[in-house]
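First the structure, in the form of structure tokens, and then the observations on it.
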2 protein chains.
Amino acid sequence: MSVNHYHNTLSLHQHHQNDVAIAHRESLFEKSLTPSDVGKLNRLVIPKQHAEKYFPLNNGGGGDDVATTEKGMLLSFEDESGKCWKFRYSYWNSSQSYVLTKGWSRYVKDKHLDAGDVVFFQRHRFDLHRLFIGWRRRGEASSSPAVSAVSQEALVNTTAYWSGLTTPYRQVHASTTYPNIHQEYSHYDACARVVTVEKL
Amino acid sequence: MSVNHYHNTLSLHQHHQNDVAIAHRESLFEKSLTPSDVGKLNRLVIPKQHAEKYFPLNNGGGGDDVATTEKGMLLSFEDESGKCWKFRYSYWNSSQSYVLTKGWSRYVKDKHLDAGDVVFFQRHRFDLHRLFIGWRRRGEASSSPAVSAVSQEALVNTTAYWSGLTTPYRQVHASTTYPNIHQEYSHYDACARVVTVEKL
DNA sequence: CGGTACACCTGAGAA
DNA sequence: ATTCTCAGGTGTACC
């Protein structure tokens, strides 16, 4: 059993501070990783139906959404160990697809993900801004049997929460409270409360 | 012998009007072109040490320099035939590198430059704003045997001329006879006296 | 639409 | 070990 496998499957029991949070998570969706998702393209394609449901970039509203659409946004997820991962999230007009770009390759490397492995996304049931990311090895069963039952009801409630707090790349690690306004990305920090020093 | 080769190696003797100027040139630096420099990226990376010595974008003086840094500037160079080449010159924050972009691909195409070929930059010894660009084929010796000896000594002598400039780019530009003010780029026309109609 | 321009991004290697 | 550089890329906008 590898170190990463250990963290993935046993973290529910090992990290007690996360146990409570897990009970309050709802699964959003998961994806089996393609070779491109873990390869040199350094991006994860988010299936459009999930992207538009859970991570809307703009819903046809005016104003700031324009900038959000053009520049993308920064999404933050807590992993199984409580570590915060930030990904640039944007829409590629050329391929008409939603993608996680900046930061994604680091996640792939850190978790040693291969094609066929599965990543899944969750969010806090009550604190809807709080997002989680997890993974499991290809062929492994999902740890929670209730995973697939969740989503349809919660969808409508989530859309309204995405707004335009912003933070610069280079200053992300300068402070955990993210006081700086970024010119480029709409940014919602889903794990601001998790004090984690990391490179983005 | 190709047409371009002819121009390159014989121009010293063919173009008498340039002979005087050549004697008054000092080498700044040269670069062996990478595949990317002559490929589809349409840009030339200027090694940072040379860029900051010879083509400073901001001199730490504040004010207009900020705009210069953000927007880049237009650099003009005379080639071996006296033709004026204008390149957009700017700094890429993301890669922390200085690049010639707009106009560069035209130069590569015109001179039929390939990877391994060398481009070199010179400036007038007395009229320091007058810049020159030249090239030679991969493997060819520098036309002036003294060049490499000159550059080391000249580096020290030349550095002060740029950094010690008290005249901002915009004022220099305004003092030339170049009638058109560019809206986007800080622009110093190093070959204003060469009447050349060209598209940039 | 294709080519160019532009502002990003990253990995590998050098320092 | 960490930082810096830069060769080689990307998507997007514009013409």
Side-chain angles (χ1 to χ4, degrees), chain A residues 36-46 57-58 66-74 86-110 166-174 182-187 197-200, chain B residues 29 31-53 55 57 67-75 85-110 113-117 119 182-185 198-200:
Chain A
S36 292
D37 288 333
V38 298
K40 302 162 191 167
L41 274 53
N42 300 315
R43 60 103 182 98
L44 171 71
V45 172
I46 309 278
L57 278 172
N58 71 340
V66 174
T68 303
T69 300
E70 288 172 356
K71 296 297 189 173
M73 62 189 300
L74 210 54
K86 302 182 200 304
F87 304 113
R88 184 182 193 225
Y89 170 63
S90 60
Y91 181 69
W92 283 356
N93 291 298
S94 51
S95 57
Q96 306 267 299
S97 56
Y98 295 87
V99 288
L100 295 183
T101 55
K102 189 179 182 194
W104 176 248
S105 64
R106 271 178 287 271
Y107 182 80
V108 169
K109 210 173 294 179
D110 188 82
T166 56
T167 303
Y169 284 145
R170 294 183 186 281
Q171 294 172 2
V172 163
H173 42 321
H182 195 284
Q183 313 119 334
E184 298 180 80
Y185 304 123
S186 178
H187 170 222
V197 177
E198 66 176 292
K199 286 185 180 177
L200 179 58
Chain B
F29 63 94
K31 186 189 180 185
S32 175
L33 297 174
T34 67
S36 291
D37 287 333
V38 299
K40 300 164 189 174
L41 274 52
N42 300 315
R43 60 102 181 101
L44 172 72
V45 171
I46 310 277
K48 180 173 279 190
Q49 51 178 345
H50 298 132
E52 293 179 345
K53 279 182 180 174
F55 309 140
L57 278 174
T68 302
T69 301
E70 289 173 355
K71 296 292 193 171
M73 62 187 298
L74 209 54
L75 291 181
W85 292 86
K86 300 184 201 306
F87 305 113
R88 183 183 194 233
Y89 171 62
S90 61
Y91 181 68
W92 283 354
N93 291 298
S94 51
S95 56
Q96 311 256 303
S97 54
Y98 295 86
V99 288
L100 295 184
T101 55
K102 191 180 180 190
W104 175 248
S105 64
R106 269 179 289 271
Y107 182 80
V108 169
K109 217 171 292 183
D110 188 82
L113 296 177
D114 292 319
D117 293 344
V119 288
H182 198 286
Q183 301 160 336
E184 291 182 272
Y185 308 123
E198 65 177 289
K199 283 185 183 178
L200 177 56

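Every chain is numbered from 1 and lettered A, B, ... according to where its sequence line falls, protein lines coming before strand lines.
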Nucleotide [N], atom [atom2] - distance to [atom1] of [X] in whole Å:
X: A:W104; N: C:dG11; atom1: CH2; atom2: C1'; answer: 18 Å
X: B:L44; N: C:dA5; atom1: CG; atom2: C1'; answer: 15 Å
X: A:K102; N: C:dA7; atom1: NZ; atom2: P; answer: 17 Å
X: B:L100; N: C:dA7; atom1: CG; atom2: P; answer: 14 Å
X: B:K40; N: D:dG9; atom1: NZ; atom2: C1'; answer: 12 Å
X: A:M73; N: D:dG11; atom1: CE; atom2: C1'; answer: 19 Å
X: A:Y107; N: C:dT10; atom1: OH; atom2: P; answer: 17 Å

Might you list the N or O atoms of the protein lying below 3.5 Å from N or O atoms in nucleotides 5-7 of chain D, with each pair's distance?
| unit_1 | atom_1 | unit_2 | atom_2 | d |
| --- | --- | --- | --- | --- |
| D:dT5 | OP2 | B:K48 | NZ | 2.6 |
| D:dC6 | OP2 | B:K48 | N | 3.0 |
| D:dA7 | OP2 | B:K31 | NZ | 2.7 |

Carefully, step by step, assess B:W85 and B:L100 under the rule side-chain contact (heavy atoms from CB on, under 4.5 Å). CA-CA 12 Å; B:W85 292 86; B:L100 295 184; over 6 Å; no
Is [X] close enough to [N] that one of its side-chain N or O atoms is under 4.0 Å from OP1 or OP2 there?
X: B:T101; N: C:dT4; answer: no
X: A:N42; N: C:dG11; answer: yes
X: A:R88; N: C:dT10; answer: no

Please test B:W92 against B:R43 for side-chain contact (heavy atoms from CB on, under 4.5 Å), starting from the C-alpha separation and ending with a verdict. CA-CA 11 Å; B:W92 283 354; B:R43 60 102 181 101; 4.1 Å; yes
Is there a ring pair (Phe, Tyr, Trp, His ring centres under 6.0 Å) between B:F55 and B:Y89? Walk through the geometry before answering. CA-CA 9 Å; B:F55 309 140; B:Y89 171 62; 5.8 Å; yes
Compare all side-chain heavy atoms of B:V99 with those of B:W104 and state whether any distance is below 4.5 angstrom.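 Of all side-chain heavy-atom pairs linking B:W104 with B:V99, none is under 4.5 Å.
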Taking it one step at a time, do B:L57 and B:Y98 satisfy side-chain contact (heavy atoms from CB on, under 4.5 Å)? CA-CA 9 Å; B:L57 278 174; B:Y98 295 86; 3.9 Å; yes
Check whether B:D37 reaches the backbone of B:T34 with its side chain - one donor and one acceptor, N or O, closer than 3.5 Å.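 Answer holds: yes.
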Answer with base, sugar-phosphate or nothing: what part of the nucleic acid does A:W92 contact at a heavy-atom distance below 4.0 Å?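 If one applies the 4.0 Å heavy-atom cut-off, A:W92 turns out to touch the sugar-phosphate alone, with no base involved.
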Kindly indicate, with the supporting measurements, whether the criterion side-chain contact (heavy atoms from CB on, under 4.5 Å) is fulfilled by B:V119 and B:Y107. CA-CA 11 Å; B:V119 288; B:Y107 182 80; 4.2 Å; yes
